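A short write-up of the structure that comes next.
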Amino acid sequence: RAKDRGRSTYHFYSSQMNAHGQAQLELQSSLRRALERGEISLVYQPKLDLRKRSVTGVEALMRWQHPTLGPVSPAQFIPLAEETGLIESLGRWALQTACRDAVMWRDAGMPVQVSVNLSPRQLNLPHLATEVSQILADSGLEPGLLELEITESGVMQNPARAASLLQEVRALGVSLAIDDFGTGYSSLSYLQRFPLSTLKIDRSFIKDLPGDADAASLTSGIVGLAQRLRMKVVAEGVETVEQLGFLRAQGCDLIQGYYLSKPIPAEEMSGFLARDLRNLVGPTVAA
Ligand code: C2E
Ligand code: MG
Ligand code: MG
Ligand code: MG
């Protein structure tokens, strides 16, 4: 027996790996049925326009309520969906649902731009622009009320292909945002190559504001860069009024984060949008 040959250690690790592999396989097969079982939903996190002093946009974020495990984090199931190809159907569902919800808010007299995250694999779909345009037509949403968030790793896997796909999407009138800006490893030349409307500064820079001098320099540099490239700039993960004050002074356009609100279900959005948020921003500065 293996144990007699002194290989019990090997057996221990191998059974650990099997247990992990088994759990991943089970998660994968339950993810395959999650959509039809109604376990997938979207929540929305509002973004505050610091000049208009109101919410002008929301980001759609996917949630999975597993029947026995409870909530599974997108950090866990999005990569799994990406590996297995399930992201194509999940991503299409997210686009359809977000567009329908945006129409509902618009028809209630509260038009907000809805942002939907696109995974790298979706940037390989040859008919991405056709799909987006069909979803817009089916829902009745005007293209200007839709934004797609992409990441540097998503566009740099096949930059030439991504550039032409994104040109087609932009030509529909849909906005494009670069997400998690500042965390990637490629040269900044992609900012020129892709038709981006918005730059989202990653939370890792925001969390040390305003006390950390390096984080402050990097953030104000990124805001200036975005302005000179005529892009709108959004700060992610803003949790304190001090962070907001610093970003406002730098000329940042929008903030998103727990300071304003956690992501909330669609049903709660109308109530949130009806609130007067002007005092959250602070006093208006005389021009
Ligand atoms: P992301 O697109 O960068 O989304 C922002 C994440 O930061 C969200 O995490 C949000 O809940 C979190 N967040 C927002 N404000 C704060 C704050 O003030 N403090 C802290 N600590 N966190 C904050 P979430 O919802 O867990 O999503 C994680 C990531 O999963 C997203 O990062 C995105 O990359 C991915 N994801 C979520 N939904 C989708 C989707 O529908 N499609 C795709 N492809 N990816 C998605
Ligand atoms: Mg995002
Ligand atoms: Mg982000
Ligand atoms: Mg981020």
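Predicted model only: the values in this text are computed from it and were never measured.
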Would you say [X]'s side chain and [Y]'s backbone share a donor-acceptor pair under 3.5 angstrom?
{"X": "Glu149", "Y": "Ser115", "answer": "no"}
{"X": "Tyr44", "Y": "Val114", "answer": "no"}
{"X": "Gln122", "Y": "Ser119", "answer": "yes"}
{"X": "Arg53", "Y": "Asp276", "answer": "no"}

*asked:* By the definition side chain to side chain contact (heavy atoms under 4.5 Å, CB included), identify the one residue from Asp180, Asp179, Asn117, Leu196 that meets it with Ile150.
replied: Leu196
Nearest-0.5 Å distance, [atom1] of residue [X] to [atom2] of residue [Y]:
{"X": "Leu80", "Y": "Leu90", "atom1": "CG", "atom2": "CG", "result": "10.0 Å"}
{"X": "Arg33", "Y": "Leu86", "atom1": "CZ", "atom2": "CG", "result": "11.0 Å"}
{"X": "Arg63", "Y": "Ser41", "atom1": "CZ", "atom2": "OG", "result": "8.0 Å"}
{"X": "Leu218", "Y": "Ile206", "atom1": "CG", "atom2": "CD1", "result": "10.5 Å"}
{"X": "Leu209", "Y": "Asp214", "atom1": "CG", "atom2": "CG", "result": "11.0 Å"}
{"X": "Ser220", "Y": "Leu225", "atom1": "OG", "atom2": "CG", "result": "11.5 Å"}

Counting C-beta onward and ignoring hydrogens, is there a side-chain heavy-atom pair between [X] and [Y] closer than 4.5 Å?
{"X": "Leu136", "Y": "Val174", "result": "yes"}
{"X": "Val58", "Y": "Asp101", "result": "no"}
{"X": "Trp64", "Y": "Ser30", "result": "yes"}
{"X": "Thr198", "Y": "Asp253", "result": "no"}
{"X": "Glu168", "Y": "Leu172", "result": "no"}
{"X": "Pro74", "Y": "Leu61", "result": "no"}
{"X": "Leu31", "Y": "Gln28", "result": "no"}
{"X": "Arg161", "Y": "Leu123", "result": "no"}

_One pair to check against side-chain contact (heavy atoms from CB on, under 4.5 Å): Leu166 and Leu148. What are the steps and the verdict?_
CA-CA 10 Å; Leu166 293 176; Leu148 299 178; over 6 Å; no
*If you group Ile, Leu, Val, Met, Phe, Trp and Tyr by side-chain heavy-atom gaps below 4.5 Å, do Leu95 and Met104 land in one group?*
yes
*With the 4.5 Å side-chain cut-off for hydrophobic clustering, are Val241 and Leu50 part of the same group?*
yes
Closest approach of [X] and [Y], non-hydrogen atoms and distance?
{"X": "Val112", "Y": "Val55", "answer": "CG1-O, 3.7 Å"}
{"X": "Cys252", "Y": "Leu254", "answer": "SG-O, 3.4 Å"}
{"X": "Pro46", "Y": "Met269", "answer": "CD-CE, 4.2 Å"}
{"X": "Pro111", "Y": "Leu145", "answer": "CB-CD1, 4.5 Å"}
{"X": "Val234", "Y": "Gln256", "answer": "CG1-OE1, 4.2 Å"}
{"X": "Met110", "Y": "Ala274", "answer": "SD-N, 4.2 Å"}

*Could you check Leu69 against Leu27 for side-chain contact (heavy atoms from CB on, under 4.5 Å), going step by step and ending with a plain yes or no?*
CA-CA 10 Å; Leu69 299 172; Leu27 207 60; 3.6 Å; yes
*Just checking, any donor-acceptor pair under 3.5 angstrom between side chains of Ser175 and Lys232?*
no
*Could you verify whether a donor N or O on one side chain and an acceptor N or O on the other, from Ser197 and Glu147, lie under 3.5 Å apart?*
no
*Among Lys47, Lys200, Gln45, side-chain hydrogen bond (donor to acceptor under 3.5 Å, both in side chains) partner for Glu59*: Lys200
_Are more than 12 heavy atoms, taken from residues, nucleotides or ligands other than Arg278, located less than 6.0 Å from that residue's CZ atom?_
no
*Which pairs, with at least one residue in residues 163-195 and sequence neighbours excluded, count as a ring pair (Phe, Tyr, Trp, His ring centres under 6.0 Å)?*
none
*Which residue pairs satisfy the salt bridge (Lys or Arg N to Asp or Glu O under 4.0 Å) criterion with at least one member in residues 78-91, sequence neighbours excluded?*
Glu88-Arg121
*Candidate pair Phe77 and Met62, rule side-chain contact (heavy atoms from CB on, under 4.5 Å), full reasoning*: CA-CA 10 Å; Phe77 76 82; Met62 210 180 278; 3.8 Å; yes
*With sequence neighbours left out, what residues match Glu239 under side-chain contact (heavy atoms from CB on, under 4.5 Å)?*
Gln243, Tyr258
_side-chain contact (heavy atoms from CB on, under 4.5 Å) assessment of Tyr259 paired with Leu48_ = CA-CA 10 Å; Tyr259 173 74; Leu48 183 65; 5.6 Å; no
